[in-house]
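Encoded as structure tokens, the structure appears first; notes follow it.
What you see is a predicted model; the values in this text were computed from it and never measured.
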Amino acid sequence: MPDTTQAGVAVTADAAVLIDHAAGIEAQDVHAWFDRLHVLRGVFMTIAPRRVTAIIGPSGCGKSTFLRCLNRMHELVPGARSSGRVLMDGDDIYAPGVDPVQVRRRVGMVFQKPNPFPTMSIYDNAAAGLRLAGERDRRVLDETVERSLRAAALWDEVKDRLGRPGTSLSGGQQQRLCIARALAVSPEVLLMDEPASALDPAATLRIEELARELARQLTIVIVTHNMQQAARVSDVTGFILDGELVEVGTTDQIFTRPRDRRTEDYITGRFG
Amino acid sequence: MGDRLFAHLLAAMAGGVLVITAAMLAALTVGAWPAIRKFGPAFFASSAWDPVAGDFGALPFIYGTLVSSAVALGLAVPLGLGVAIFLSELAPGWLRRPVGFLVELLAAIPSVVYGLWGIFVLVPWVRATLSPPLKATLGFLPLFEGPPLGIGMLTAGLILAIMVVPFIIAVSTEVMRAVPTSQREAALSLGATVWETTRAAVIPYARSGIVGAIFLALARALGETMAVTMVVGNVPQIRASLFAPAYTISAVIANEFAEATDVHLAALIYAGLVLFLVTLTVNILARLLVARAGRGPGLIRE
């Protein structure tokens, strides 16, 4: 990939136009339940703006649930509950009177498996969020679609076939389309729930590069069970085990000088 | 060896279905032959139905069949889709099961029971309760002209709507439940409300299944005999007004088959052939529509 640097610069410029604000997040005593199963047990965590924060831990530890508490998606699962406070730029997104729909407009999300809308074209997928928000102006749509596809490092690959279905793309391209779809509504935070777990190594690398680029403009929280990925992509890493945040620190510190014995056991591969 | 036997057996069974369809078509054509020879394609355009003079045409019956089914779908599709969206997207699990069970029960009621209920409950209700306000507000339209007798096209459409709505609900609910959660989450994470998620993610994904459900309902409405015969009025005429009595193909066959002889009998079988063709056309159209809807990007700008 000879033009990586050039593409990188373009990504940043387009993301800078789309994203006018990156929010910091402060989770305070976040608990979560599925019916009676207590999956998150009082997580406190500060997530800095314009950084990539990775959340690692063995499967079933509650790391995805924690992520889904940050945009109020957790509560959509039947039987799911949560408690505690999640401050975005100081305001609790769980305060009474806060509309979860508004929260989700500010906090974008990318999922484990690429999930473009199969009946929509590439263009319509990228425009979906704007259209939901009521944008009808063709010029604004065209411009934002191009910008978000550029910001997701996908534009050059799809600009000649925007009318083709989103599902006609490869897995990695589909995931970048989903990132573009999330970026198009100018989120303040982007949550990525194991975004590369269904992709091949090359596509994984592209997503990771993209996350790094986007973090210059945007707050990124990425959940991964892949420790190398966390080490490659993140500035800060938190380790969750059995619903508790065991340790959080700079990625460098977590992977070289973990303070907690359990963190050390996990990153050295003694379990999980 | 066992596999080959199994494959041949299944192929024979599948072939049997084709043979039965072809045999039915052949038997209908042979039975209808005297009428086909006598009336030809004019049968489709003629409104005559005179067993004494031996002059027959199927137009009023075709009209009655198509219009009563159209009225039925016009009522049943919005209602059925509304209930399906509620059951699939909004209703809590403890409500979904019993309601779904009741819906299936509704589909299992014999049509003659619907017909009896139609005669004793629906017809008086349409005459005394539904028609007067319709006439008072929309009476200037030709659709609501003339005296509301209770029996007629409107009542037939209503009873057909009640009969086909369970199919629409049951099938649409199933296909919407089958939409992957990831599709809903994609829309919700963009800040869509539940309704917007349904409209933007769930319904498009389930579109071909929903279209299939509607055409299943239409096929049932087109061929439904007993309940319609009991409330439609059985008068072979073409009237714009939904209050006017009408007649359907299946109803005239059921009513007259026992006494018919010669050309009259052949004309009834010809009418049956017409119904067969109408249903076939509807099904082919449905297939094409589903294929188009399933392809999706055909509807999107290139």
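- Counting heavy atoms of neighbouring residues, nucleotides and ligands inside a 6.0 Å radius, atom CG of A:Asp137 exceeds 12 of them.
- Residue A:Thr119 holds its OG1 atom at 11.0 Å from CD1 of B:Ile203, rounded to the nearest 0.5 Å.
- Residues A:Pro118 and B:Tyr205 form a side-chain contact, since some pair of their non-hydrogen atoms from C-beta on lies under 4.5 Å apart.
- A:Leu132 and B:Ala187 make their closest contact through CD1-O, 4.3 Å (heavy atoms, listed as atom of the first residue, atom of the second, distance).
- In this structure, the side chain of A:Asn115 does not engage the main chain of B:Gln183 through any donor-acceptor pair within 3.5 Å.
- No part of A:Arg106 comes within reach of chain B, as not one of its non-hydrogen atoms sits under 4.5 angstrom from that chain.
- The one candidate from B:Leu188, B:Val194, B:Thr193 that meets the side chain to side chain contact (heavy atoms under 4.5 Å, CB included) condition with A:Val101 is B:Thr193.
- For a residue to count as touching a neighbouring chain, one of its non-hydrogen atoms must lie under 4.5 Å from one of that chain's; by this rule A:Leu191 does not touch chain B.
- In this structure, A:Arg104 contributes its side chain and B:Leu190 its backbone to no donor-acceptor pair below 3.5 Å.
- In A:Arg161, the CZ atom is crowded: over 12 heavy atoms of neighbouring residues, nucleotides or ligands sit closer than 6.0 Å.
- Looking at A:Pro116, the atoms closer than 4.5 Å to chain B (heavy atoms on both sides) all sit in the backbone: N, CA, C or O.
- Of all non-hydrogen atoms in B:Ser189 and A:Phe111, the two that sit nearest each other are OG-CE1, 3.7 Å.
- Both the backbone and the side chain of A:Met109 come within less than 4.5 Å of a heavy atom in chain B.
- Using a 4.0 Å cut-off between a side-chain N of Lys or Arg and a carboxylate O of Asp or Glu, A:Arg68 and B:Glu185 qualify as a salt bridge.
- Heavy-atom distances place no part of A:Val110 under 4.5 Å from chain B, backbone and side chain included.
- When the shell of 6.0 Å around CZ of B:Phe140 is examined, it contains more than 12 heavy atoms from other residues, nucleotides or ligands.
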